[in-house]
Engineer: 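Below are the structure tokens for one structure; questions will follow.
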Amino acid sequence: MVEPLYYQMRSVGVKPDVKTFTILIKALCKDNEIDSALGLLKQMSSVHGLVPNQVTYTTVIHGLIEEDRMEDALNLWKLMESNGCIPSTNTYNVLVHGYCQQGRLDEAVMFLEEICGSGFCPDTVTFNTIVNGFFKQGRLEEAAKLLEEMCVSGFYPDTVNFNTIINGFCKAKEMGIAADMLYKMVEGGFKPNIATYTTLISGLCRSNQMGPALRLLKQMSSDHGLVSNKEIYTNLIGGVFKQDRVEQSLELWKEIDSNGCIPGNLTYNRLLHWFCRHGRVEEAARLLEEMSGVGFCPDTVTFNIIINGFCKKGRVSEATRLLKEISGTGFCPDTVTINTIINGFCKAGETGKAVDLLEKIVEEGFKPNVVTYNTLISGLCKRRKYQEARRLLDEMVVRDCVPNIVTYNTMIHAMSKEGKMEEVIELLSELTKKGLEPN
RNA sequence: GAUUCAUUUCCCUCAG
């Protein structure tokens, strides 16, 4: 994407300057084209006679660090110095961040001391980077100590500092302290931003503290004019959901609607699944229709949930009808879809139809998996069709499906219920021969 | 035109 642009510029006779190169390099880094970025860095001096500056080097060093290539980053820093380019505060901050990202906190601190010794002045970003690193490793005392050191050195905390601290305590499940920090922050005259609330509300949701979380949702707009985002809603819905407060989660969905930030399919699928689990498949289907109207794009999982919902109620014909309906609209059923319907037939006692379906899909080139066979074998055993179950057990191997412990458990369970102990023993030895553990 | 905080990996569908 970026390189063609560069050649295009050249072909029209535009001579890029250092700044332009840096922008191009940055774009390459963002596209995970760090090696092309390195190439371009070389080219700018060798081909174009341009001297990379602080910003250029820092950009590339940052790109390397994003790719976890810390040693390369350090080498480039040395090269930069030997080329007479003095690193800036940003350059050092990037390197400190590199150490922290790799979890090398002690080296980060050493590095900081080293560069301070050679006259470098750290800033809030430097401190915050390391503080964040400590928090990420759960080293709360060290984080606190460094924060104090930062303050006595005459640096005032800023919003990002507070966010880092709040996030740190959230990750440490210290929700009380995290929530307190927000108050301290406001008291101290600092403005919380969307990151502050995203961190805190998400943390509260994960700790099942839905009351405070919902209160903060209101507060963020009333007190600070902040607009909630997808992340926040996703966590709120997930949270109220865990507590089975579905009606409340539906209310949140309505709010989202008017905000235009639609959570991902995962959240939505969970909601539909909840209804299906509770035997309320109609409501799920109706919700799906409503949501499709407002721009939600159902995926394979979505349809599998609804199909399974019908099957679980014994309404397999409706499930297959839905499948036909959506197949016409470009939806591709997967193995789970097929397994779901096969299971539906089995549970309805229609094992004949289940086996037929397997044959049909295999003819169409569909690949069954272990679950397909386990489902069928279980269904056949329940109807006491043991010969056919056994036939499938042999067939599945031919079709590249390796029987697992569930397969054997199903068979063994059936055989022992029938008192066919010789069969049980044979199956047990078959299973151990395959390296499986009986359980 | 470059650096630190939330947002990629807690979690969605099928057999047992």
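From a predicted model like this one, the values you see are computed outputs, not experimental measurements.
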Engineer: Side chain of A/Val406 only, heavy atoms from C-beta on: which candidate in B/rC12, B/rA15, B/rG1 is closest?
Structural biologist: B/rA15
Engineer: To the nearest Å, give me how far apart CG (A/Leu105) and C1' (B/rU4) are.
Structural biologist: 14 Å
Engineer: Taking atom C1' of B/rA15 as reference, at what distance in whole Å does atom OH of A/Tyr373 sit?
Structural biologist: 14 Å
Engineer: Between SG of A/Cys276 and CD1 of A/Ile307, what distance do you get to the nearest 0.5 Å?
Structural biologist: 10.5 Å
Engineer: Please tabulate, one pair per line, each protein N/O and nucleotide N/O from nucleotides 6-8 of chain B that are separated by under 3.5 Å, including the distance.
Structural biologist:
unit_1	atom_1	unit_2	atom_2	d
B/rA6	O4'	A/Thr199	OG1	3.0

Engineer: Under the side-chain hydrogen bond (donor to acceptor under 3.5 Å, both in side chains) test against A/Asn339, which residue among A/Asn304, A/Asn374, A/Thr372 passes?
Structural biologist: A/Thr372
Engineer: More than 12 non-hydrogen atoms from neighbouring residues, nucleotides or ligands closer than 6.0 Å to CD on A/Glu148, yes or no?
Structural biologist: no
Engineer: Does a nitrogen or oxygen in the side chain of A/Lys30 sit under 4.0 Å from OP1 or OP2 of B/rA2?
Structural biologist: no
Engineer: Any idea which of B/rA15, B/rU3, B/rU4 is nearest the A/Val94 side chain?
Structural biologist: B/rU3
Engineer: Between A/Ile305 (CD1) and B/rC11 (C1'), how many Å, whole number?
Structural biologist: 12 Å
Engineer: Would A/Leu182 and A/Leu216 count as a side-chain contact (heavy atoms from CB on, under 4.5 Å) if you check the C-alpha gap in whole Å, the side-chain angles of each, and the deciding distance to 0.1 Å?
Structural biologist: CA-CA 10 Å; A/Leu182 175 60; A/Leu216 286 177; 3.7 Å; yes
Engineer: Can you check the distance between B/rC14 and B/rC10, where both ends of the measurement are the C1' atom (answer in whole Å)?
Structural biologist: 22 Å
Engineer: A/Thr126 near the nucleic acid: base, sugar-phosphate alone, or nothing, with a heavy-atom cut-off under 4.0 Å?
Structural biologist: nothing
Engineer: Taking the same atom, C1', in B/rA6 and in B/rA2, what whole-Å distance lies between them?
Structural biologist: 22 Å
Engineer: Rounded to the nearest Å, what distance is computed from the CD1 atom of residue A/Ile342 to the C1' atom of nucleotide B/rG16?
Structural biologist: 16 Å
Engineer: Over 60° means perpendicular and under 30° means parallel, so classify the ring planes of A/Phe169 and A/Phe135, tilted if in between.
Structural biologist: perpendicular
Engineer: For A/Lys19, answer base if it contacts any base atom (sugar-phosphate contacts may also be present), sugar-phosphate if it contacts only those atoms, and nothing otherwise; contact means non-hydrogen atoms under 4.0 Å.
Structural biologist: base
Engineer: Under 4.0 Å between any heavy atoms, over every strand shown, what does A/Asn53 touch: base, sugar-phosphate, or nothing? Just pick one.
Structural biologist: base
Engineer: Angle class for the A/Phe303/A/Phe331 ring planes (parallel below 30°, perpendicular above 60°, tilted otherwise)?
Structural biologist: perpendicular
Engineer: What's A/Asn235 touching, base or sugar-phosphate or nothing? Going by heavy atoms closer than 4.0 Å.
Structural biologist: base
Engineer: Evaluate the ring planes of A/Tyr92 and A/Trp77, with Trp represented by its six-membered ring, and classify them as parallel (under 30°), tilted (30 to 60°) or perpendicular (over 60°).
Structural biologist: perpendicular
Engineer: Contact class for A/Val301 (heavy atom, under 4.0 Å): base, sugar-phosphate, or nothing?
Structural biologist: base
Engineer: Counting any heavy atom closer than 4.0 Å, what does A/Leu266 reach on the DNA or RNA strands: base, sugar-phosphate only, or nothing?
Structural biologist: base
Engineer: Between B/rU13 atom C1' and A/Leu288 atom CG, what is the distance in whole Å?
Structural biologist: 13 Å
Engineer: Which residue, A/Leu392, A/Thr375, A/Ile338, forms the side chain to side chain contact (heavy atoms under 4.5 Å, CB included) with A/Leu358?
Structural biologist: A/Leu392
Engineer: Please confirm whether the shortest side-chain N or O distance from A/His273 to OP1 or OP2 of B/rC11 is below 4.0 Å.
Structural biologist: no
Engineer: Mind telling me whether A/Phe111 and A/Tyr99 have parallel, tilted or perpendicular rings, with 30° and 60° as the class edges?
Structural biologist: tilted
Engineer: Can you sort out which residues in residues 347-361 of chain A have a heavy atom within less than 4.0 Å of RNA chain B? Ascending by number, please.
Structural biologist: A/Lys347
Engineer: Separation of A/Ile326 atom CD1 from B/rU13 atom C1', in whole Å?
Structural biologist: 12 Å
Engineer: Round to the nearest Å and state the distance from A/Asn369 atom CG to B/rC14 atom C1'.
Structural biologist: 8 Å
Engineer: Can you see if the side chain of A/Lys382 gets near the phosphate of B/rA15 - specifically, an N or O under 4.0 Å from OP1 or OP2?
Structural biologist: no
Engineer: For the atom pair CG (A/Leu200) and CD (A/Gln209), what is the distance rounded to the nearest 0.5 Å?
Structural biologist: 9.5 Å
Engineer: Which distance, rounded to the nearest 0.5 Å, do you find between the CG of A/Leu76 and the CG of A/Leu41?
Structural biologist: 6.0 Å
Engineer: Please confirm whether any donor atom in the side chain of A/Ser88 sits under 3.5 Å from an acceptor in the base of B/rA2, or the reverse.
Structural biologist: yes
Engineer: Using atom C1' in both nucleotides, what's the gap between B/rC5 and B/rG1 to the nearest angstrom?
Structural biologist: 23 Å
Engineer: Over how many whole Å does the gap from A/Tyr156 atom OH to B/rU4 atom C1' extend?
Structural biologist: 21 Å
